[in-house]
Amino acid sequence: MPTYHEITSTDLSKLTTSASRWEEMAGRFKALEELYERDVHGISLGNSWVGLSAQAANARFTVTLKEIQGAQKEAKEIARVLREAHTQLTDLCNRVESVRDDAVKAGMRVSEQGVVTFDTAHLTRSQRTAFAHDPDYQEDARSRANVGTEARAGRKSGHRRR
C-alpha cells in the first residue's frame with residue numbers, strides 16, 4: 001500500500017505520457033498492417049501466384065496479419081487502461097488532499113508522513129494550558145480530529161486536477 005507521502009508526491013502525468021506513447025505504437029502497427037497487407041499478404045491473393053504454395057503462404061500471411069491487428073488492438077487497450085488509471089488515481093489523490101485540507105481547517109496538523117495531530121500553534125495561551133493539563137480537553141481534541149477526518153474521508157469526491 002502506498003504511503004501518504006507517495007500518494008501526495010507521485011507525478012501521475014507519466015501515466016498519460018505513457019498512454020500517448022502506446023497510442024503512437026498502435027498507429028505504427030496500423031501503418032505496418034497496411035504495408036504488410038499490401039506488400040506481403042496481397043501477393044498470395046492475386047492471380048500472379050497460384051497453387052498449393054500460394055494457398056499455404058496465404059494461410060501463414062493471414063495469421064501474421066491477424067497478429068499485427070491484434071498487437072494494434074492491445075496497444076490501444078493499454079493506452080485506455082493507463083488513461084483510466086490516471087483518472088482514478090487523480091481522483092483518489094484529490095480525495096486525500098481534500099481530507100488533509102479539511103483536517104487543517106479543523107485545527108489539525110498533517111505531517112509529511114500523513115500523521116494527524118492537534119495543532120496547538122493556533123491556541124490561545126489559556127487554551128494551550130488547558131490542552132496540556134486537562135485530559136478531557138485532550139480527549140475532546142482527539143475525538144474531534146478522528147470523527148471529523150473519518151466523516152470527511154467517506155464523503156469527499158475530490159475537486160482538484162493534476
Side-chain angles (χ1 to χ4, degrees), residues 1-38 40 62-162:
M1 176 173 283
T3 66
Y4 172 82
H5 179 72
E6 290 169 336
I7 291 169
T8 58
S9 64
T10 299
D11 179 11
L12 297 177
S13 68
K14 292 179 182 186
L15 289 170
T16 55
T17 301
S18 183
S20 295
R21 289 186 179 153
W22 277 102
E23 287 170 346
E24 290 171 16
M25 177 66 72
R28 284 189 238 136
F29 277 125
K30 178 66 176 166
L32 179 63
E33 172 194 353
E34 291 167 358
L35 287 172
Y36 185 84
E37 189 169 24
R38 183 190 71 218
V40 178
T62 299
V63 168
T64 302
L65 182 62
K66 291 196 181 298
E67 287 175 347
I68 293 170
Q69 291 167 339
Q72 178 186 353
K73 186 177 179 180
E74 286 180 23
K76 286 179 181 179
E77 187 63 17
I78 289 170
R80 186 195 65 75
V81 167
L82 289 170
R83 290 194 188 287
E84 185 177 315
H86 177 268
T87 299
Q88 291 177 2
L89 290 171
T90 298
D91 180 57
L92 293 171
C93 286
N94 288 338
R95 286 184 192 182
V96 168
E97 291 172 358
S98 182
V99 169
R100 178 206 54 217
D101 292 347
D102 286 351
V104 169
K105 287 177 190 171
M108 302 299 134
R109 184 177 352 167
V110 182
S111 73
E112 292 268 332
Q113 293 76 35
V115 176
V116 179
T117 56
F118 188 70
D119 189 1
T120 59
H122 300 293
L123 297 179
T124 64
R125 178 175 238 178
S126 63
Q127 289 172 324
R128 222 176 283 126
T129 301
F131 179 76
H133 300 290
D134 184 353
D136 291 335
Y137 192 92
Q138 292 173 13
E139 184 58 36
D140 181 54
R142 274 190 217 100
S143 67
R144 279 188 291 141
N146 289 337
V147 170
T149 302
E150 289 169 3
R152 285 182 289 279
R155 73 169 195 265
K156 289 295 174 182
S157 62
H159 303 289
R160 294 190 188 118
R161 294 176 54 197
R162 284 185 171 229

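Within the model, atoms CG of Leu12 and CG of Leu82 stand 12.0 Å from one another, a figure rounded to the nearest 0.5 Å. Between Gln113 atom CD and Thr3 atom OG1 the span is 8.5 Å, to the nearest 0.5 Å. Going from atom CG of Asp134 over to atom OG1 of Thr129 covers 11.0 Å, rounded to the nearest 0.5 Å. Note that the CE atom of Met108 and the CG atom of Asp102 stand 11.5 Å from one another [nearest 0.5 Å].
Contact detail for Ala85 and Leu15: the closest heavy-atom pair is C-CD1, 4.2 Å. The two atoms that bring Leu65 and Tyr36 nearest to each other are N-CE2, 3.9 Å, heavy atoms only.
Residues satisfying the side chain to side chain contact (heavy atoms under 4.5 Å, CB included) criterion with Pro135, sequence neighbours excluded, are absent altogether. Residues satisfying the side chain to side chain donor-acceptor pair (under 3.5 Å) criterion with Glu33, sequence neighbours excluded, are Gln69. Residues that satisfy the side chain to side chain donor-acceptor pair (under 3.5 Å) test with Thr87, not counting sequence neighbours, are absent from this structure. With sequence neighbours left out, the salt bridge (Lys or Arg N to Asp or Glu O under 4.0 Å) criterion links Glu37 to no other residue. Looking at residues two or more places apart in sequence or on another chain, you find no salt bridge (Lys or Arg N to Asp or Glu O under 4.0 Å) involving Glu67. Not a single side chain to side chain contact (heavy atoms under 4.5 Å, CB included) links Lys73 to another residue, sequence neighbours left out. Residues passing the side chain to side chain contact (heavy atoms under 4.5 Å, CB included) test with Val110 are Tyr4, Arg100, Ala103, Val104, Val116, sequence neighbours excluded. Not counting sequence neighbours, Arg128 has no partner by the side chain to side chain donor-acceptor pair (under 3.5 Å) test. Taking the side chain to side chain donor-acceptor pair (under 3.5 Å) definition, one finds that Glu34 meets it with nothing, sequence neighbours left out. Remark: Ser126 engages Thr124 in a side chain to side chain contact (heavy atoms under 4.5 Å, CB included) (not counting sequence neighbours).
Among residues at least two apart or in separate chains, salt bridge (Lys or Arg N to Asp or Glu O under 4.0 Å) pairs with a member in residues 118-127 are Arg109-Asp119. Identified under the side-chain hydrogen bond (donor to acceptor under 3.5 Å, both in side chains) test for residues 19-30, with sequence neighbours left out: Ser20-Arg83, Glu23-Arg83.
With contacts defined as side-chain heavy-atom distances shorter than 4.5 Å, the pair Arg38/Leu35 qualifies.
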>> Apply side chain to side chain contact (heavy atoms under 4.5 Å, CB included) to residues Arg80 and Lys76 and explain how you reach the verdict.
In response: CA-CA 6 Å; Arg80 186 195 65 75; Lys76 286 179 181 179; over 6 Å; no
